[in-house]
Amino acid sequence: MSDAHCISAAARRFLEAVDRFKIWASGTPENERHGEWECDYADWSEIYASWKNLIADTPIQQWNQALMDLALYAIARDNECQVLANQVPRESLRAVAEAACTCSEPDARWQLAVELGEPPGDGEDLLLKLANDENEYVRRRALQSLARLGSPAATELAVCEWEQAGDDFPWSRMNALWVLHRVSDPSLEAYLARAQESPNSLLREYVDKVRRGDIEA
């Protein structure tokens with residue numbers, strides 16, 4: 001961070017904690033960084049503690065770009081536990097989510113999309129942007145949050161995702177069914193019927209779950 005001499009002690013501690021993670025992560029080849037590999041890091045508690053101190057000490061609106069980038073990097077690597085994203089103060093969530101919309105960290109974007117779907121839910125405009133993200137999982141989680149907020153755009157976006165997804169990639173279509181079910185859209189039955197005819201067994205099994213009401217809220 002070029003202006004490291006100007007940052008607060010709390011920001012410096014967070015910077016140092018994340019730097020130690022980066023050093024550890026550098027020992028894992030890129031082709032082995034999949035699944036829950038970040039969970040093997042032994043000192044997440046240090047990152048969590050320094051993060052808690054940082055957001056208590058320095059309002060997010062006062063962060064410089066380098067500190068925001070570092071925060072989004074850390075949030076992205078905490079994608080299994082999602083502690084960092086969950087602790088972003090509600091009054092600062094928009095600022096972090098806006099920064100995430102233009103960052104190179106999809107694992108930060110989807111987590112913040114989840115947070116934007118929680119009350120008071122005043123980030124519909126950002127969710128609409130994330131629902132058009134280049135990353136499918138970001139779109140999926142943003143669409144879920146829009147449905148939870150009862151956004152009028154949720155149905156149209158769900159149908160669009162359905163049409164763009166292929167039979168060999170059922171998760172987008174399963175998500176579309178979840179959204180249509182969540183918003184009680186009258187077109188749900190027609191899409192369930194289409195899904196029932198799919199060659200993909202996962203999608204057909206999901207149809208049965210939807211009809212039983214056996215899906216997560």
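Taking every heavy atom of both residues into account, Glu38 and Trp44 meet most closely at O-NE1, 2.9 Å. Between Leu203 and Pro170 the shortest heavy-atom distance is CB-CB, 4.2 Å. Contact detail for Ala99 and Met68: the closest heavy-atom pair is CB-CG, 3.5 Å. Contact between Ala193 and Arg211 at its shortest, heavy atoms only, is N-NH2, 4.1 Å. In terms of heavy atoms, Ala131 sits closest to Ala142 at N-CB, 3.6 Å. The heavy-atom pair separating Ile55 from Pro89 by the smallest distance is CD1-CD, 4.2 Å.
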Q | Verdict with supporting geometry, Arg173 and Glu197, salt bridge (Lys or Arg N to Asp or Glu O under 4.0 Å) | A | CA-CA 13 Å; Arg173 288 186 168 180; Glu197 300 301 318; over 6 Å; no
Q: Tell me, with the steps shown, if Leu128 and Leu157 meet side chain to side chain contact (heavy atoms under 4.5 Å, CB included).
A: CA-CA 9 Å; Leu128 289 171; Leu157 288 166; 4.0 Å; yes
Q: Assess whether side chain to side chain contact (heavy atoms under 4.5 Å, CB included) is satisfied between Glu115 and Val88, documenting all intermediate values.
A: CA-CA 9 Å; Glu115 296 301 322; Val88 174; over 6 Å; no
Q | side chain to side chain contact (heavy atoms under 4.5 Å, CB included) between Leu177 and Leu188, intermediate numbers included | A | CA-CA 7 Å; Leu177 294 177; Leu188 172 62; 4.3 Å; yes
Q: Could you go through the side chain to side chain contact (heavy atoms under 4.5 Å, CB included) check for Cys160 and Glu163 one step at a time?
A: CA-CA 5 Å; Cys160 182; Glu163 299 299 343; 6.0 Å; no
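Ser26 places a side-chain N or O within donor-acceptor distance of the main-chain N or O of Ile23, the cut-off being under 3.5 Å. Looking at Asn79, its side chain does come within 3.5 Å of a backbone N or O of Ala76 through a donor-acceptor pair. In this structure a side-chain-to-backbone donor-acceptor pair under 3.5 Å is present from Asp78 to Leu84. Of the possible polar contacts, one joining the Gln111 side chain to the Asp107 backbone as a donor-acceptor pair under 3.5 Å is found.
Considering only heavy atoms from C-beta on, Phe169 stays 4.5 Å or farther from Asn200 through its side chain. Trp162 is not listed as a side-chain neighbour of Leu180, based on a closest heavy-atom distance of 4.5 Å or more. At a threshold of 4.5 Å between non-hydrogen side-chain atoms, the residues Leu72 and Leu112 count as touching. Two residues are said to be in side-chain contact when any heavy atoms from C-beta on lie closer than 4.5 Å; Ser145 and Leu116 fail this criterion. Within the 4.5 Å cutoff, the side chain of Cys101 has no heavy atoms near those of the Glu98 side chain. The shortest side-chain heavy-atom distance between Lys22 and Asp19 falls under the 4.5 Å cut-off. Looking only at side-chain heavy atoms (C-beta outward), Tyr48 and Gln87 stay at 4.5 Å or farther from each other. The closest side-chain heavy-atom distance from Thr28 to Asp40 is not below 4.5 Å.
Atoms CG and OG, on Asn53 and Ser8 in that order, are 10.0 Å from each other to the nearest 0.5 Å. Separating the CH2 atom in Trp24 from the CG atom in Asp43 is a distance of 10.5 Å, to the nearest 0.5 Å. For the atom pair CH2 of Trp110 and CD1 of Ile75, the computed distance is 11.5 Å after rounding to the nearest 0.5 Å.
Aromatic ring orientation, Phe21 versus Trp37: tilted (interplanar angle from 30° to 60°).
No hydrogens or angles considered: a donor-acceptor pair under 3.5 Å links the side chains of Asn175 and Gln144. Under the 3.5 Å distance criterion, with hydrogens and angles disregarded, a donor-acceptor pair is assigned to the side chains of Ser187 and Asp185.
The pair Arg13-Glu46 fails the salt-bridge criterion, with no side-chain N (NZ, NE, NH1 or NH2) lying under 4.0 Å from an Asp/Glu carboxylate O.
Legend: residues meeting ring-ring contact (aromatic ring centres under 6.0 Å, His included) with Trp51, ordered by chain and number and at least two apart, are Phe14, Trp63. Listed by chain and number, the residues in a side-chain contact (heavy atoms from CB on, under 4.5 Å) with Ser184 amount to none (sequence neighbours excluded). Residues satisfying the side chain to side chain donor-acceptor pair (under 3.5 Å) criterion with Glu91, sequence neighbours excluded, are absent altogether.
Within 6.0 Å of CD in Glu156 there are 12 or fewer heavy atoms belonging to other residues, nucleotides or ligands.
Cluster annotation: Leu146 and Val159 are assigned to the same hydrophobic cluster (Ile/Leu/Val/Met/Phe/Trp/Tyr, side-chain heavy-atom contacts under 4.5 Å, transitive). Val183 and Met174 fall into different hydrophobic clusters, where Ile, Leu, Val, Met, Phe, Trp and Tyr side chains are chained together by heavy-atom contacts under 4.5 Å.
Residue pairs meeting the salt bridge (charged side-chain N to carboxylate O under 4.0 Å, His left out) criterion with at least one partner in residues 51-72, sequence neighbours excluded, do not occur; the list is empty. Within the structure, side chain to side chain donor-acceptor pair (under 3.5 Å) pairs that include any residue of residues 130-140 comprise Arg109-Asp133, Glu136-Arg140, Glu136-Ser172, Tyr137-Arg141, Arg139-Glu161 (at least two apart or interchain).
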Please list every donor-acceptor pair under 3.5 Å in which a side-chain atom of residues 117-127 meets a protein atom from a residue at least two apart or in another chain.
unit_1 : atom_1 : unit_2 : atom_2 : d
Glu124 : OE2    : Ser151 : OG     : 2.6
Asp125 : OD1    : Arg94  : NH1    : 2.9
Asp125 : OD2    : Arg94  : NH2    : 2.9

